[in-house]
Number of protein chains: 2
Amino acid sequence: MPNHRSGAGDPARTLRLLWRQPEESPRRGPRPGRSLDDIVTAAVELADAEGLDAVTMRAVAQAVGVAPMTLYTYVPGKAELLDLMLDHCYSRMPRPDRSGEPWRARVAALAAENRELFHAHPWAAEVSTSRPPLGPGLMAKYEYELRAFDGTGLDDVRRDAALTYVLDFVRAAARSAAEVRLARQQDSWSDEQWWAANGPLLAQVLDEQRYPTAVRVGAAAGSAQHAAYSPDHAYEFGLARVLDGLGVLIDGARTG
Amino acid sequence: MPNHRSGAGDPARTLRLLWRQPEESPRRGPRPGRSLDDIVTAAVELADAEGLDAVTMRAVAQAVGVAPMTLYTYVPGKAELLDLMLDHCYSRMPRPDRSGEPWRARVAALAAENRELFHAHPWAAEVSTSRPPLGPGLMAKYEYELRAFDGTGLDDVRRDAALTYVLDFVRAAARSAAEVRLARQQDSWSDEQWWAANGPLLAQVLDEQRYPTAVRVGAAAGSAQHAAYSPDHAYEFGLARVLDGLGVLIDGARTG
DNA sequence: CTCGTACTGCGTACGATGTACAATGTACGG
DNA sequence: CCGTACATTGTACATCGTACGCAGTACGAG
């Protein structure tokens with residue numbers, strides 16, 4: 001049950017790694033057999049295929065074909081590797097030019113691109129970055145995404161806050177989606193089996209007298225979405241609310 | 001680096017634990033020396049005081065004064081303990097009657113109450129619940145919070161979606177706040193020291209030609225908030241946007 | 001009362017993980 | 001050509017969750 005946390009260790013060292021600034025050493029001794037990118041790429045592929053829990057130093061080492069401890073000549077530790085993995089994914093996100101479109105379309109597209117990021121790399125939503133990995137990928141992403149608010153009239157401080165707001169929403173939705181996916185797979189039970197096993201106790205305990213609203217709303221939401229929770233529905237609903245909320249700030253009162 | 005995940009194991013067993021339904025056994029053998037609540041309370045206090053990483057089975061056992069393996073007579077495993085800890089905190093949240101207030105005030109108060117939850121129990125935002133712990137605390141919370149949308153005209157499905165939307169926002173903001181707090185404490189460096197150490201490399205690498213918007217906006221946001229990121233500001237900004245977004249849905253076009 | 005049985009409590013131990021450390025080998029600079 | 005800095009790696013340790021089995025205890029049936 002590892003708590004995958006990034007951003008530890010010496011920040012300056014991490015920055016140099018992110019920007020691929022080699023140490024200024026006199027270049028002596030044997031040449032490295034692999035590159036930093038080899039390690040990062042292997043780690044990302046492993047995380048994509050088998051989840052963050054599968055990303056152990058030993059497993060990454062095996063994937064790149066070296067002994068476990070050899071990784072530590074490329075990376076100070078696992079936290080830094082996670083930073084590099086994140087920045088790697090950020091740097092590979094698509095950034096099409098949308099300067100002609102209205103801000104709502106641009107922000108919706110921005111959200112969709114981030115949603116796709118978390119779809120391709122579900123682990124990226126789990127990694128807790130005590131400090132964001134200030135690498136080239138994050139910078140390119142930040143630069144690109146800020147431009148989505150061009151022409152909105154937002155000042156710089158509000159623009160940053162608005163972007164944070166959108167990104168946090170997408171990340172939260174992605175986390176919920178990942179949690180649902182995990183729950184569905186970890187117990188092989190279908191929803192029907194689950195209800196058959198737990199229905200009796202739930203019926204006894206979810207007293208309609210005590211929780212009238214909760215029971216009614218939960219049942220309505222569950223049956224409408226054919227599941228206890230629908231990540232897609234939550235995303236669509238939330239995005240509409242995000243855009244409307246920004247719309248009030250940007251356009252004044254106007255519905256979407 | 002434990003990945004604190006709840007919701008594993010037999011869901012029916014977990015449900016019985018959450019609702020404190022004793023096994024229907026013939027009650028033979030020695031009486032338990034502690035209660036389930038003893039364990040849960042100790043675990044919560046430990047998590048509050050020293051963070052989720054400090055919540056190891058051994059540490060909890062020591063806190064309640066038993067051997068580590070003894071915990072497993074009360075709880076099937078650590079995942080279930082986390083479920084119980086969450087539900088315990090939910091059940092103790094304040095739920096004042098706000099039926100007289102307008103929906104914006106009620107939803108803002110709901111958000112503030114959840115923010116306070118994560119302030120008192122920062123670990124609660126980190127726990128990833130593959131399935132939410134459907135216990136009495138969560139039910140009471142859900143029932144109470146749904147009532148905040150009474151009189152808004154939202155149908156049950158939208159009401160559930162709206163609540164999820166608000167709660168996800170508060171949780172995301174709390175996560176960000178906790179990450180900042182962690183970053184500030186784990187490297188004892190002040191922001192000034194950090195900039196002194198990393199400024200030169202950052203200045204070299206954060207090219208204003210390449211990232212004009214990012215550098216400008218980042219600087220503006222940083223100096224306005226006297227920090228690279230201000231959780232309080234992000235919360236205030238986000239909450240206003242959340243309320244405006246819901247306002248468009250509920251009241252039609254109208255600014256806050 | 002007696003005894004089997006179900007239960008609590010827990011000591012030991014195992015596998016997994018991140019990584020510290022020191023030994024070994026290699027290739028470049030003087 | 002040789003010293004030195006570096007890449008590589010085997011071993012080892014601390015920490016974690018928890019499986020397993022034994023010892024002791026108290027209730028119900030006889």
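Throughout, a chain's letter reflects where its sequence line sits, starting with A, and its residues are numbered from 1. Below, all heavy atoms of this structure are taken into account, side chains as well, without hydrogens, waters or symmetry copies.
Between B:Asp53 atom CG and D:dC16 atom P there is a gap of 9 Å when expressed in whole angstrom units. When the C1' atom of C:dA20 is taken as reference, atom OH of A:Tyr72 falls 10 Å away, rounded to whole Å. Distance, B:Tyr74 OH to C:dG9 C1': 8 Å, rounded to whole Å. Following rounding to the nearest Å, A:Arg58 (CZ) and C:dG15 (P) show an atom-to-atom distance of 13 Å. Nucleotide C:dA20 holds its C1' atom 15 Å from the CG atom of A:Leu71, rounded to whole Å. Whole-Å rounding puts the B:Leu36 CG to C:dT8 C1' distance at 15 Å. If you take CE of A:Met69 and P of D:dC13, they are 15 Å apart, rounded to a whole angstrom. Atom pair B:Asp38:CG and C:dT8:P shows a separation of 15 Å (rounding to whole Å applied).
Of the charged side-chain nitrogens involved, at least one lies within less than 4.0 Å of a carboxylate oxygen, so that B:Arg115 and B:Asp232 count as a salt-bridged pair. A salt bridge links B:Asp37 with B:Arg20; the closest basic N to acidic carboxylate O contact falls under 4.0 Å.
Along DNA chain C, the nucleotide closest to A:Gly77 and the one closest to B:Thr70 are compared, and the more 5′ of them pairs with B:Thr70. Place A:Pro76 and B:Arg34 on DNA chain C by their nearest nucleotides, and B:Arg34 ends up nearer the 5' end. The residue among B:Thr56 and A:Arg31 whose nearest nucleotide of DNA chain D is located toward the 5' end is A:Arg31. Both B:Pro30 and B:Met57 sit near DNA chain D, but only B:Met57 has its closest nucleotide nearer the 5' end.
Across every non-hydrogen atom of B:Arg13 and B:Pro76, the tightest pair is NH1-CG, 3.6 Å.
For the side chain to side chain contact (heavy atoms under 4.5 Å, CB included) criterion with B:Leu82, the lone passing option out of B:Leu52, B:Thr129, B:Val75 is B:Leu52.
If you check every strand for non-hydrogen atoms under 4.0 Å, A:Val60 touches nothing.
One side chain, A:His88 or A:Arg92, offers a donor N or O that lies under 3.5 Å from an acceptor on the other. In summary, the side chains of A:Trp123 and A:Asp48 do present a donor paired with an acceptor at a separation below 3.5 Å, with no hydrogens or angles considered.
Looking at residues two or more places apart in sequence or on another chain, you find a side chain to side chain donor-acceptor pair (under 3.5 Å) between A:Glu126 and B:Arg5.
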Enumerate the protein-to-nucleotides 2-4 of chain D contacts in which both atoms are nitrogen or oxygen and the separation is below 3.5 Å.
from: D:dG3; atom 1: N2; to: A:Arg28; atom 2: NH1; distance (Å): 3.3

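OP1 or OP2 of C:dG9 has at least one side-chain nitrogen or oxygen of B:Thr73 nearer than 4.0 Å.
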